[in-house]
Amino acid sequence: MERLSIIVALDALGGNIEKVEKLARVLCGSVEGFKLGWPNLLPAGPRIGEAVRQACPQAMIIADLKLADIAYTMLQTAQHLPWADAVIAHSFLGVEGALDGLKEYLDKNNKKLVLVISMSHPGSREAIDPCLNRLINIARAVRPWGIVAPATRPWIIGIARRELGPHIKILSPGIGAQGAEPGTAIRNGADLEIIGRLITRSPNPEKIINKIKINYNKSNITNN
Ligand code: XMP
């Protein structure tokens, strides 16, 4: 089965391991991966990450804790994420004493670093987006595997792609519940669309995936 370029954000399922496991099993093979965040990990603990891994061994699992601390503390946190293939951190921390240490640690442990350079909510325009060029420069210096840029302001995806080149992975949230149509981010240069509630709140997630597939096909988006 072809895999759609989608990471399913599991936040809406909270700490319900059974539901998370079931969805991961149902969608395994039809999406690239799954993203777990505080709403999952605080109530359920690390078992929820291990449950996704077991339900879909080949999926990319992203730990979205949006790390934003000194290197020491981020490493103390990252060591408790053995089930994660990739970890999201904020880029506004800067390199020295923060992202340099995190990148080195993740490299050593064969995990991917993903940096947020802009966010999908409107308030990102207040403080984050005015610093976009600086944040892109930080990403250029840190050389993460990927960055997060919003489908709700897709021109930012275009800027990031132009500035950071063809090899960096661009992951893009903001599809569905936040207003952007599936396919918007990929058409603007992203590699993966992060989709949460549109899928996780549906009584029939497979049907939603099939609809997204039709949408992608119409836009000539090639799947993996
Ligand atoms: P929904 O339900 O809105 O879920 O489709 C989106 C998921 O993505 C996260 N999110 C972001 N993560 N930068 C990020 O790193 C962002 O700009 C951003 N916007 C949304 C959100 O927490 C949820 O998991």
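Start at 1 and go down the list; that is how both ligands and their atoms are numbered.
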Could you pull out the closest heavy-atom pair between Val95 and Ala141, with the gap in Å?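 Scanning both residues, the minimum pair turns out to be CG2-CB, 4.1 Å.
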Work out which heavy atom in Leu75 is nearest to a heavy atom in Leu102; give both atom names and the distance.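 So the minimum-distance heavy-atom pair works out to CD1-CA, 3.8 Å.
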For Ala190, give me all partners under side-chain contact (heavy atoms from CB on, under 4.5 Å), at least two apart in sequence or on another chain.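 Applying side-chain contact (heavy atoms from CB on, under 4.5 Å) to Ala190 gives Ile157, Ile170, Ser172, Ala185.
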Report, as yes or no, whether the 6.0 Å neighbourhood of atom NZ on Lys22 holds more than 12 heavy atoms from other residues, nucleotides or ligands.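 Incorrect, the count does not exceed 12.
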Does Gln79 have more than 12 heavy atoms from other residues, nucleotides or ligands lying within 6.0 Å of its CD?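 Yes, enclosed.
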Is there any protein N/O under 3.5 Å from an N/O of ligand 1, and what does the full list of such pairs look like?
from, atom 1, to, atom 2, distance (Å)
ligand 1, 2 (O), Arg197, N, 2.7
ligand 1, 2 (O), Arg197, NE, 2.7
ligand 1, 3 (O), Gln178, NE2, 2.9
ligand 1, 3 (O), Arg197, NH2, 2.8
ligand 1, 5 (O), Gly196, N, 2.8
ligand 1, 12 (N), Lys66, NZ, 3.1
ligand 1, 17 (O), Ser120, N, 2.7
ligand 1, 19 (N), Ser120, OG, 2.5
ligand 1, 24 (O), Asp11, OD1, 2.6
ligand 1, 24 (O), Asp11, OD2, 3.4
ligand 1, 24 (O), Lys35, NZ, 2.6

Main-chain N/O of Gly174 paired to Ser120 side chain as donor or acceptor, under 3.5 Å: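 Absent.
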